[in-house]
Amino acid sequence: MTVAPTNADMSISKGPAGAPDKAPRKVNFDLKQSGIYIALALTIVIFTALTGGDLLAPQNLSNIIVQYSYILVLAIGMVLIIIAGHIDLSVGSVVAASGAFAAVMMVDWHVAWPIAVVATLVFGALVGAWQGYWVAYFGIPAFIVTLAGMLLFRAVTYRILGNQGIGPFPDDIRTLANGFTPGFLKNIPLGPLGGADAFSIIVGLLVVVGMVVMQWRARAGRVKFSQAVDPLWLFLTKAILPAILVMFLVVQLARFRNLPWVLVLLAVLVFVYTLVTNRAVFGRQIYAVGGNLQAATLSGVKVKSVVFWLFVNMGVLSAVAGIIFAGRLNLAGPTAGNSFELDAIAAAFIGGAAVQGGVGKVVGAITGGLIMGVINNGAGLLGWQTETVMFVKGAVLLAAVAFDVWSKRRTAGGK
């Protein structure tokens, strides 16, 4: 009896000796994944031209990172929530409540700042656990739970602060939010550009080398298992261009006042959460829950536990953002965190997260947040009115989601 070959059999071509040949190497340019980086590049080019180059000035680049670091921290947690098919509208209020809690401990109660920071992170975790319980185990939609949380924790903020601000914060907290790494080595002369801190340059080079090595290992793994990979020229392009951008940013920062501490914190968070989403079992489960809830349940994924811990994680990152924001202002105020949830959600969606869940990347969310930061900063340099900035940001968000929907329909149609 002759057995017809299956799709799996037909997908592997046989060589003369019957051994499987390597899959053909074809261009693997995914517009959906690469479009966000092209959008960031275009945004930077446009505002650089409009501002006469002021956007890329060393001090201004440093300001962008310091001023929008807390939004980027929130975007990391938000994209995980969205990947799992949920939403969190309460993060702005949790940022305010966490900053208020930290201020009371450090300023009013004179608790040592390391202990106060740990206690604030625990506070954020408990807030996340509260909301995660209602979503995961009680079955209330996250939209409703976090909408209620937005009101509840704003009220908690007013109760803690008594409708007044508390400050100033300890020097170490202000340094975390606004400070820069010290110059451990001498400056490197850069000709007409002046000098740049040698230590920052070395750190940037190590980061670039790490990025290229990780990309090369991923490509080698695909080749090993006979999977399609980009041709060498496209791989080098994808590896070299980000490396150039990273080194440009590092050199500009090193020319000003070295690397901001919040950038170091962000780099650590991005590295850790990228590993979790790409390599850890928990990360795969997040995508499974958001991609197909029923299939994830049938395959043994503890869906309720995954969702619960995602909200706990969001609470902790909200507490981190609350400490950074309060430290930057040197004051914990009752109106802190207003609209932060909108910026974090916008960053995740602009960065490629799918409305239906199951799709998204941490790096994409950071890129989306940077687009929003560049728009805000460039608009400030140009003196745009508030309504103009809101219009542009809304249009960018709508375009990002429309592109996501269009690409899904195009893929489903097989075009």
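All of these numbers come straight from a predicted model, not from anything done at the bench.
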Open item on the list: Per the salt bridge (charged side-chain N to carboxylate O under 4.0 Å, His left out) rule, what does the pair list look like for residues 273-294, sequence neighbours excluded?
Closed with: none

Open item on the list: Whether the side chain of Q252 engages the backbone of L56 through a donor-acceptor N/O pair (distance < 3.5 Å, no angle test) should be reported.
Closed with: yes

Task: Ring-face cation of R219 near F235 (centre distance under 6.0 Å, axis angle within 45°) - done: yes

Open item on the list: I'd like to check Y37 versus L40 (side-chain heavy atoms, cut-off strictly below 4.5 Å). Are they in contact?
Closed with: no

Task: Verdict with supporting geometry, N313 and Y273, side chain to side chain donor-acceptor pair (under 3.5 Å) - done: CA-CA 11 Å; N313 174 73; Y273 280 91; 2.4 Å; yes

Open item on the list: Could you check whether F47 and W384 have their ring centres less than 6.0 Å apart?
Closed with: yes

Task: Under 3.5 Å side-chain donor-acceptor pair for D197 and S200 - done: yes

TODO: Report the residue from I65, V73, N178, L72 that forms a side chain to side chain contact (heavy atoms under 4.5 Å, CB included) with V262.
DONE: I65

Task: Residue list, salt bridge (charged side-chain N to carboxylate O under 4.0 Å, His left out) with R255, at least two apart or on another chain - done: none

Task: Any residue meeting ring-ring contact (aromatic ring centres under 6.0 Å, His included) with Y137, in chain and number order, not counting sequence neighbours - done: F308

Open item on the list: Test your reading of the model: is there a side-chain donor-acceptor pair from T157 to the backbone of A97, 3.5 Å cut-off?
Closed with: yes

TODO: Return yes if some donor-acceptor pair links the side-chain N/O of Y287 with the main-chain N/O of G360 below 3.5 Å, else return no.
DONE: yes

TODO: Walk me through it: do N377 and N60 pass the test side chain to side chain donor-acceptor pair (under 3.5 Å)?
DONE: CA-CA 8 Å; N377 183 268; N60 193 63; 2.7 Å; yes

Open item on the list: Is the distance from the ring center of Y133 to that of F311 below 6.0 Å?
Closed with: no

Open item on the list: Main chain of G179, side chain of T175: is a donor-acceptor contact present, judged purely on distance under 3.5 Å?
Closed with: no

Task: Minimum heavy-atom distance between S318 and V95, given as atom pair plus value - done: O-CG2, 3.6 Å

Open item on the list: With a 6.0 Å cut-off (strictly less than), is the heavy-atom count around CD of Q385, excluding the residue itself, greater than 12?
Closed with: no

- [ ] Return yes if some donor-acceptor pair links the side-chain N/O of S299 with the main-chain N/O of A296 below 3.5 Å, else return no.
- [x] yes

- [ ] Might you point out which heavy atoms bring S62 and F180 nearest each other, and give the distance in Å?
- [x] OG-CE2, 3.1 Å

Task: Expected output: side-chain N338 to main-chain T335 donor-acceptor under 3.5 Å - done: yes

Task: Other residues, nucleotides, ligands: >12 heavy atoms within 6.0 Å of I115 CD1 - done: no

Open item on the list: Can a donor-acceptor pair be found, under 3.5 Å and without considering hydrogens, that links the side chain of E341 to the backbone of G92?
Closed with: yes

Open item on the list: Quick one about T146 and Q131 (side-chain donor to acceptor, distance below 3.5 Å, no hydrogens or angles considered), yes or no?
Closed with: no

